[in-house]
Amino acid sequence: MSRTHRIALLPGDGVGPEVTLAARRVMETAAANLDVELSFDEYAIGWAGVLEMGHPLPEATLQGAHAADAVFLGAVGDPAAEGVDPERRPEAGLLALRAALGLYTNLRPLKVISALADTSPLRRERVEGVDLMIVRELAGGLYYGQPRELTGTGEARAALNTLRYDASEVTRVAEVAFQLAVARRGQLVSIDKANVLETSRLWRQVVDEVALGHPGVEYGHMLVDRAAMELVLRPGQFDVILTENLFGDILSDEAAGVAGSLGLLPSASLGTGTPLFEPVHGSAPDLAGQGLANPTAAILSAAMLMEHALNLPAAARAIEEAVDAIFAAGTRTGDLGGDAGTAVGTEAFTDAVVARLVGSFSSA
């Protein structure tokens with residue numbers, strides 16, 4: 001009998017618990033039909049961690065994440081956290097978790113679903129067929145650089161953040177990106193701001209060095225401001241986009257806009273410790289508890305978990321195909337254009353995906 005795969009669920013804040021439940025149901029359905037054993041343990045993070053345990057990353061959560069085969073996170077963030085000390089903010093828990101797990105590469109795919117091409121604010125002919133992967137460095141840059149501080153009062157107030165990268169940090173994420181490009185269409189664009197930033201000049205040097213080991217990949221460099229424009233004007237030109245932490249955070253949300261909704265994009269965070277999977281969207285506190293959140297990004301993040309953490313590519317493909325089929329059948333959540341009379345909620349959408357999954361396995 002195969003061993004049981006342990007998954008740590010971190011529902012978090014806002015709509016996080018709702019979309020996490022959707023992802024769990026889909027994973028359980030796929031696993032049951034493939035005769036795979038999964039076990040789930042739930043832990044607090046973000047503002048939920050502060051309320052329950054006094055910290056956005058409670059020690060029990062960290063221990064549970066280390067012990068698991070994969071971590072699934074819903075979302076963090078709550079308006080009640082405004083004005084609290086930085087170390088107690090919900091986002092601090094997520095950043096600390098990434099650091100503790102040694103997660104240095106974030107994968108954010110954008111694959112425009114044909115049935116949803118008209119949902120994009122861009123013309124169908126501009127987005128149809130878009131299939132790209134953003135590879136974001138996740139452990140360095142402005143989000144982690146020291147020193148960082150906010151000092152002074154009144155007009156004497158000042159703030160400092162440190163942007164720092166060393167060559168080894170760039171090398172390891174660039175290697176991941178080039179390997180992905182080899183497995184995809186063999187094209188890579190590295191995004192930086194080398195005309196202004198010394199860190200970006202180092203970034204270019206190291207990417208050039210890594211490229212020597214992957215002669216089959218066609219690659220180039222692009223400034224981030226131009227890349228932001230090209231992602232809107234000609235998104236189909238991109239295959240693999242490699243970039244640093246801050247730029248990747250911004251460009252991946254722009255990519256969600258190209259797709260038509262933040263509720264569509266999944267992500268995987270990989271490194272030396274337990275891999276973490278989460279939808280790109282935030283906690284959407286205005287939707288929390290109403291059952292209206294689009295669970296697609298969470299469900300597709302579950303598919304990435306099945307493939308990248310558990311080595312179950314058949315389960316991942318089945319989940320992705322079920323989502324495609326549901327959209328092709330005309331099912332829409334409110335953020336994708338469904339009106340008050342036709343839009344389905346989180347639970348109904350998940351029900352449809354689960355039913356499609358069961359049907360696909362039974363007919364295989």
Side-chain angles (χ1 to χ4, degrees), residues 2 4-11 15-16 18-40 68-75 107-116 131-133 180 183-184 256 259 261-270 275-281 293-333 336 344-364:
S2 61
T4 298
H5 299 285
R6 298 178 60 184
I7 300 174
L9 296 178
L10 282 57
V15 299
E18 298 165 64
V19 299
T20 297
L21 177 59
R24 174 175 180 165
R25 290 183 57 204
V26 169
M27 285 189 282
E28 288 176 329
T29 302
N33 283 276
L34 290 171
D35 198 25
V36 173
E37 293 290 329
L38 301 180
S39 69
F40 297 91
D69 295 303
V71 175
F72 186 94
L73 185 144
L107 307 182
R108 295 194 174 189
L110 167 61
K111 187 173 184 179
V112 174
I113 298 169
S114 181
L116 297 180
D131 181 0
L132 62 86
M133 176 72 76
L180 280 169
R184 289 171 55 91
S261 172
L262 271 173
L264 294 173
L265 266 63
S267 78
S269 298
L270 312 175
L276 182 149
F277 303 83
E278 60 179 311
V280 170
H281 63 69
N294 182 352
T296 303
I299 290 170
L300 293 178
S301 295
M304 295 186 78
L305 184 156
M306 303 294 267
E307 180 166 12
H308 293 280
L310 307 186
N311 193 28
L312 297 170
R317 298 292 84 76
I319 293 170
E320 292 166 351
E321 290 167 7
V323 170
D324 286 353
I326 295 307
F327 283 129
T331 304
R332 299 287 185 274
T333 46
L336 297 175
V344 301
T346 311
E347 184 175 1
F349 187 92
T350 307
D351 289 343
V353 174
V354 166
R356 183 75 188 194
L357 263 180
V358 172
S360 67
F361 283 116
S362 62
S363 62

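Heavy-atom basis, side chains included; hydrogens, waters and symmetry copies ignored.
H281 has its side chain within reach of V15: a pair of non-hydrogen atoms, C-beta onward, lies under 4.5 Å apart. Taking 4.5 Å as the limit, some side-chain heavy atom of L264 sits within range of a side-chain heavy atom of F327. By the 4.5 Å heavy-atom criterion applied to side chains, R24 and I7 are not counted as neighbours. The closest side-chain heavy-atom distance from H5 to V36 is below 4.5 Å. Residues H308 and L107 are in side-chain contact: their nearest non-hydrogen atoms beyond the backbone lie under 4.5 Å apart. In this structure, the side chains of V26 and V354 come closer than 4.5 Å at one or more pairs of heavy atoms. I299 is listed as a side-chain neighbour of V323, based on a closest heavy-atom distance under 4.5 Å. A 4.5 Å side-chain heavy-atom check between P313 and N311 finds at least one atom pair inside the cut-off.
Smallest separation of non-hydrogen atoms from S267 and E278: OG-O, 2.7 Å. A352 and I326 get closest at one heavy-atom pair: O-CD1, 3.4 Å. Closest of all the heavy-atom pairs between A297 and L265 is CB-O, 3.2 Å. Closest approach of V19 and G74 over heavy atoms only: CG2-CA, 4.5 Å. Summarising the geometry of T20 relative to L73, their closest heavy-atom pair is OG1-C, 4.4 Å, with the distance given to 0.1 Å. Contact between P279 and A298 at its shortest, heavy atoms only, is CB-N, 3.8 Å.
Rounded to the nearest 0.5 angstrom, F40 CZ and E28 CD are separated by 4.5 Å. Atom OG of S301 sits about 9.5 Å away from atom CZ of R108, to the nearest 0.5 Å. From I113, atom CD1 reaches atom CG of L300 across 6.5 Å, with rounding to the nearest 0.5 Å. Atoms CG and OG1, from L262 and T296 in turn, are 12.5 Å apart once rounded to the nearest 0.5 Å. Between D69 atom CG and S39 atom OG the span is 8.0 Å, to the nearest 0.5 Å. Atoms OG1 and CZ, on T331 and R356 in that order, are 10.5 Å from each other to the nearest 0.5 Å.
Remark: S261 pairs with D335 by the side chain to side chain donor-acceptor pair (under 3.5 Å) rule, at least two apart or across chains. Annotation: ring-ring contact (aromatic ring centres under 6.0 Å, His included) contacts of F277 (sequence neighbours excluded): none.
E307 has a carboxylate O that lies under 4.0 Å from a charged side-chain N of R317, or vice versa, which qualifies the two as a salt bridge.
A donor-acceptor pair is defined here as one N or O able to donate and one able to accept, closer than 3.5 Å; no such pair exists between the side chain of R25 and the backbone of V353. Side chain of T346 to backbone of A293: a donor-acceptor contact under 3.5 angstrom is found.
Enclosure of atom CZ in R6 is not indicated, since only 12 or fewer non-hydrogen atoms of other residues, nucleotides or ligands lie within 6.0 angstrom.
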Would you sort out whether D131 and R184 count as a side-chain contact (heavy atoms from CB on, under 4.5 Å), showing the intermediate values? CA-CA 10 Å; D131 181 0; R184 289 171 55 91; 3.4 Å; yes
